[in-house]
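Keep in mind that this is a model prediction, so the values were computed, not measured. Whatever order the structure lists them in is the order used to number ligands and atoms, beginning at 1. We count residues from 1, following the sequence as given.
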Amino acid sequence: MNIILLGPPGAGKGTQAAKLVEERGMVQLSTGDMLRAAKTSGTEMGKRVAEVMDRGELVTDEIVIGLIREKLEAGGASGFIFDGFPRTLKQADALGELLAEVGQTLDHVIELRVEDEALVHRIVNRAEEARAAGQPVRADDNEESLRTRLAAYYKMTSPLVGYYYAKGLYSRVDGMAAMDEVKAQIAATLDA
Ligand code: AMP
């Protein structure tokens, strides 16, 4: 089973993906994690995307589609969780084509709905907690970049709701609920 977790920054996609990995043996594909790894290791691509990411803007479709293509072509896994991908209609079309090429389908697209002010609060807290614990703070976890990330979500990514609704794949969960409740709502969708 292959699924997309859709939702704005701070919605809890990474947290819920980690639970699905642990409990169902699914494989999480987070383009954000892949891009941060490229940035940290200082590859050419990492250097090119660093400033764009730090500002909270989207990197090009070609780059992220390329990253996902590599993972899908490597094969070996049944059950991907796409986390933070696709973020544009072009990426969504590309994902459909890539899955078809490797003989797989997309089974569910689950959106985590969270109010904007709660997102700002969560992200600012995440940065403060990391700072207090002496851990690295994400360069885009500040209020200004977050506002840009939110705007990008509503403008570029939220059209995917209609796109996947029309394909009969879309469900939504209340991302404002407690973590375990969100988990239960996701499980109910996957096991229906
Ligand atoms: P995330 O960890 O998903 O919040 O992603 C962090 C940043 O990486 C985003 O703000 C974008 O700059 C970039 N990014 C991650 N995934 C994508 C994607 N699918 N399309 C474009 N940019 C992305």
Please classify the [X] to ligand 1 contact at 4.0 Å (heavy-atom distances, strictly less than): side chain, backbone, both or neither.
{"X": "Leu58", "value": "both"}
{"X": "Leu35", "value": "side chain"}
{"X": "Met34", "value": "neither"}

### Message
Looking at Tyr163, I'd like to know if the NZ or CZ of Lys167 sits under 6.0 Å from its six-membered ring centre while staying within 45 degrees of the ring's axis.
### Response
yes
### Message
Could you check whether any side-chain heavy atom of Phe82 comes within less than 4.5 Å of a side-chain heavy atom of Leu5, counting everything from C-beta outward?
### Response
no
#### Entry: Leu6 vs Ile110 side-chain heavy atoms within contact, under 4.5 Å
no
## Note on the structure
To atom 1 (P) of ligand 1, the nearest of Met53, Glu51, Arg87, Gln91 on a heavy-atom basis is Arg87
### Task
Under 4.0 Å from a heavy atom of Thr31: give me the atoms of ligand 1 that qualify, with their elements.
15 (C), 16 (N), 17 (C), 18 (C), 19 (N)
### Task
Would you mind listing which atoms of ligand 1 come within a distance below 4.0 Å of any non-hydrogen atom of Arg149?
4 (O), 10 (O)
### Query
Is the closest heavy atom of Lys13 to ligand 1 under 4.0 Å?
no
Among all protein non-hydrogen atoms, which one is nearest to [atom], and what is the separation to 0.1 Å?
{"atom": "atom 12 (O) of ligand 1", "value": "Glu57 O, 2.5 Å"}
{"atom": "atom 4 (O) of ligand 1", "value": "Arg138 NH2, 3.1 Å"}
{"atom": "atom 22 (N) of ligand 1", "value": "Val59 N, 3.1 Å"}

### Task
Say whether, by atom type as modelled, one donor and one acceptor occur between the side chain of Asp107 and the main chain of Asn2 under 3.5 angstrom.
yes
### Task
Using a strict cut-off of less than 4.0 Å between a Lys/Arg side-chain nitrogen and an Asp/Glu carboxylate oxygen, indicate whether Asp54 and Lys39 qualify as a salt bridge.
yes
### Message
Tell me whether Tyr165 at atom OH has more than 12 heavy atoms from other residues, nucleotides or ligands lying less than 6.0 Å away.
### Response
no
### Task
Can you establish whether the number of heavy atoms outside Gln135 located under 6.0 Å from its atom CD is more than 12?
yes
### Query
If you measure every N/O of Val52 against every N/O of ligand 1, is any gap under 3.5 Å?
no
### Task
Flag Gly84 as yes when one of its N or O atoms lies below 3.5 Å from any N or O atom of ligand 1, and as no otherwise.
yes
### Query
With no hydrogens and no angle check, do the side chains of Tyr153 and Asp116 hold a donor and an acceptor under 3.5 Å apart?
no
